S.K.: 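My questions all concern the structure below.
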Amino acid sequence: MVEVQIIGTGSYLPERVLTNEEISKVVETDDEWIRSRTGIGERRISTGENTSDIAAKAAFAALENADLTPEEIDLIIVATATPDCYTPATACIVQNIIGAKNAVCFDISAACSGFIYGLNIAEQFLRGGSMKNALVIGAETLSKILDWNDRGTCVLFGDGAGAAVVKAGKEKGILANHMGSDGRGSNLLKCNAAPVEINNPILRKEVLGDRVTGSTGYLFMEGKEIFKFAVKVMEETIEKLLEKAKLNIDDIDYIIPHQANLRIIDYTIKKLNIDKEKFYVNLQNYGNTSGGSIPIALDEMNKKGLLRKGQNILMVGFGGGLTWGGTLVKWSK
Ligand code: UT7
């Protein structure tokens with residue numbers, strides 16, 4: 001039986017810190033509102049690096065931590081809602097930067113659940129036996145799609161990337177996974193691509209006349225609806241993972257939740273009556289980095305020496321799509 005282990009982690013955060021005070025000079029908000037409603041104190045913002053640049057830096061760090069060379073990687077998955085281009089995949093650009101010439105590369109679009117989806121997809125390839133080592137990256141430059149006039153969203157998000165190297169082996173690693181999607185909520189958190197009718201000079205006049213229509217979008221979110229959805233699926237996903245792995249909550253050493261809003265995490269802690277200390281939270285420093293949030297937190301914990309061999313680590317996320325998912329891992333490094 002093939003088992004799949006996480007053998008390395010890495011992350012990269014752009015250097016530029018953007019504080020709540022700075023944002024309050026752009027939109028009508030203040031540090032008190034942002035901290036009390038979300039827990040966020042500051043975030044990192046790209047000053048020109050694109051998603052592939054920060055993804056590649058996280059990837060290099062993860063490879064070093066895993067003690068693997070780029071050539072040993074068979075698969076690169078980049079989970080991102082903010083790719084460099086429509087095509088090629090950001091994963092192919094990363095492949096070129098890091099020199100992983102033997103890898104198959106593609107992106108997945110699952111918003112903030114993207115890293116979990118990526119991990120679970122990589123797991124299937126590795127369990128199938130056709131590949132040995134995979135690099136799963138969650139990377140975002142959300143600052144490029146934020147509407148900096150919308151105080152309901154621009155205060156929440158940040159840029160950053162995290163990565164994990166996963167390997168097929170004999171020792172137990174991933175114990176359970178769970179994923180779900182509900183497209184009925186696809187309008188609740190979205191960012192439009194280029195509008196279809198605007199780009200064609202032959203049909204533009206015929207279809208639109210003098211009407212001006214939408215442009216390539218900014219991120220839009222129905223915050224309250226996402227909040228309600230988030231607390232529901234966080235609880236359900238944790239319970240599902242425990243059930244699938246035949247464990248109970250006392251067997252879990254750490255929970256790494258998607259870092260969206262401290263109130264969502266606190267709600268889950270209360271609802272499931274879980275020890276607060278088990279939840280790793282770093283959103284005060286980085287805001288919501290969407291696909292980057294869970295792998296950045298995982299790498300931070302790894303660097304701090306919090307992760308020990310044999311521990312059970314539960315990762316759980318939710319996001320646009322709607323999508324949600326989790327992975328329960330026995331730490332094997
Ligand atoms: O990765 C998935 C991503 N998304 C999420 O996880 C988001 C989930 N939702 C949330 O985190 C929360 O709904 C928000 C943080 C987005 C909003 O918090 P809320 O407690 O639901 O606030 P609200 O939308 O009900 O707004 C309350 C008030 C409104 O003013 P009025 O209508 O009561 O006068 C807003 O206009 O707060 C106002 N408001 C702000 N005030 C100062 C909204 N954003 C801000 C702001 N600064 N940045």
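Numbers here simply count residues along the sequence, with the first being 1. Owing to the predicted nature of the structure, the values given are computational and were not obtained by experimental measurement. Counting starts at 1 for both ligands and their atoms, following the listed order.
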S.K.: Hey, what do you get for OG1 (Thr9) to CD1 (Ile296), rounding to the nearest 0.5 Å?
M.R.: 11.5 Å

S.K.: Please say whether Ile264 places an N or O atom under 3.5 Å from an N or O atom belonging to ligand 1.
M.R.: no

S.K.: What do you think, any protein heavy atom under 4.0 angstrom from atom 29 (C) of ligand 1?
M.R.: no

S.K.: If you count the atoms of ligand 1 from 1 in the order shown, which ones are under 4.0 Å from a heavy atom of Cys112?
M.R.: 1 (O), 2 (C)

S.K.: Judging by distance only, is a nitrogen or oxygen of Asp30 under 3.5 angstrom from one on ligand 1?
M.R.: no

S.K.: Within the 4.0 Å heavy-atom shell around Ile226, which atoms of ligand 1 are there?
M.R.: 4 (N), 5 (C), 6 (O), 7 (C), 8 (C)

S.K.: Could you work out, with ring-ring contact (aromatic ring centres under 6.0 Å, His included) as the rule, every residue matching Phe229, not counting sequence neighbours?
M.R.: Trp324

S.K.: As an exercise, state the distance from CG of Asn65 to CD1 of Ile6, rounded to the nearest 0.5 Å.
M.R.: 11.0 Å

S.K.: If you take the nearest heavy atom of each of Val231, Asn20, Asn261, which one is closest to atom 10 (C) of ligand 1?
M.R.: Asn261

S.K.: Under 4.0 angstrom from atom 34 (O) of ligand 1, is there any protein heavy atom?
M.R.: no

S.K.: Pull out every atom of ligand 1 sitting under 4.0 Å from any heavy atom of Val155, numbered as shown with elements.
M.R.: 48 (N)

S.K.: Which of the atoms in ligand 1, numbered in the order shown and given with their element, are less than 4.0 Å from a heavy-atom of His258?
M.R.: 1 (O), 2 (C)

S.K.: Hydrogens and angles aside, do Glu171 and Ser332 bring a side-chain donor and acceptor to less than 3.5 Å of each other?
M.R.: no

S.K.: Any chance you could lay out the side-chain contact (heavy atoms from CB on, under 4.5 Å) test for Ile269 and Phe279, step after step, and finish with the verdict?
M.R.: CA-CA 8 Å; Ile269 290 170; Phe279 279 75; 3.6 Å; yes

S.K.: Can you tell me which portion of Val27 lies within the under-4.0 Å heavy-atom range of ligand 1? Options are side chain, backbone, both, or neither.
M.R.: neither

S.K.: Any protein heavy-atom neighbour for atom 14 (C) of ligand 1 (distance below 4.0 angstrom)?
M.R.: no

S.K.: Are more than 12 heavy atoms, taken from residues, nucleotides or ligands other than Lys333, located less than 6.0 Å from that residue's NZ atom?
M.R.: yes

S.K.: Identify, for atom 9 (N) of ligand 1, the protein heavy atom at the shortest distance, and state residue, atom and that distance.
M.R.: Gly223 O, 2.9 Å

S.K.: Working to the nearest 0.5 angstrom, can you tell me the gap between Ile294 CD1 and Thr327 OG1?
M.R.: 8.0 Å

S.K.: Taking heavy atoms and a distance under 4.0 Å, where does Thr29 meet ligand 1: side chain, backbone, both or neither?
M.R.: both

S.K.: Return the CD1 to CG distance between Ile249 and Leu242, rounded to the nearest 0.5 Å.
M.R.: 5.0 Å

S.K.: Please report which non-hydrogen protein atom sits nearest to atom 3 (C) of ligand 1, along with the residue it belongs to and the distance in Å to one decimal place.
M.R.: Asn288 ND2, 3.4 Å

S.K.: Answer yes or no: is there a side-chain heavy-atom contact under 4.5 Å between Trp331 and Arg308?
M.R.: no

S.K.: Return yes when Gly152 approaches ligand 1 closer than 4.0 angstrom through a heavy atom, no otherwise.
M.R.: yes

S.K.: Do any heavy atoms of Thr153 fall under 4.0 Å from ligand 1?
M.R.: no

S.K.: Under 3.5 Å, is there a donor-acceptor pair linking the side chains of Glu300 and Tyr280?
M.R.: yes

S.K.: Is it the case that Tyr12 and Glu49 place a side-chain donor and acceptor less than 3.5 Å from each other?
M.R.: yes

S.K.: Are any of the side-chain heavy atoms of Val94 and Ile137 separated by less than 4.5 Å?
M.R.: yes

S.K.: Under the 4.0 Å line, does any protein heavy atom show up next to atom 23 (P) of ligand 1?
M.R.: yes

S.K.: Of all the non-hydrogen atoms in the protein, which one sits nearest to atom 4 (N) of ligand 1, and at what distance?
M.R.: Met221 SD, 3.2 Å

S.K.: Please determine if Thr38 has a nitrogen or oxygen closer than 3.5 Å to a nitrogen or oxygen of ligand 1.
M.R.: no

S.K.: Tell me, which protein residue and heavy-atom name are nearest atom 38 (C) of ligand 1, and how many Å apart are they?
M.R.: Arg151 NH2, 3.6 Å

S.K.: ring-ring contact (aromatic ring centres under 6.0 Å, His included) with Phe318: which residues, sequence neighbours excluded?
M.R.: His258

S.K.: Tell me: protein heavy atom nearest atom 19 (P) of ligand 1, and distance?
M.R.: Arg37 NH1, 3.6 Å

S.K.: With a cut-off of 4.0 Å, which atoms of ligand 1 are near a heavy atom of Lys224?
M.R.: 13 (O), 21 (O), 23 (P), 25 (O)

S.K.: Using every non-hydrogen atom in the two residues, find where Glu72 and Thr69 come nearest and quote the distance to one decimal.
M.R.: OE1-N, 2.8 Å

S.K.: Just to be sure I read this right, does ligand 1 sit under 4.0 Å from the backbone of Trp33, its side chain, both, or neither, counting only heavy atoms?
M.R.: side chain

S.K.: Other residues, nucleotides and ligands only: do more than 12 of their heavy atoms fall within 6.0 Å of CZ on Phe60?
M.R.: yes

S.K.: I need the nearest protein heavy-atom contact for atom 18 (O) of ligand 1: residue, atom name and distance, please.
M.R.: Arg263 NH1, 3.8 Å

S.K.: In terms of atom number and element, which parts of ligand 1 are under 4.0 angstrom from non-hydrogen atoms of Ala260?
M.R.: 6 (O)

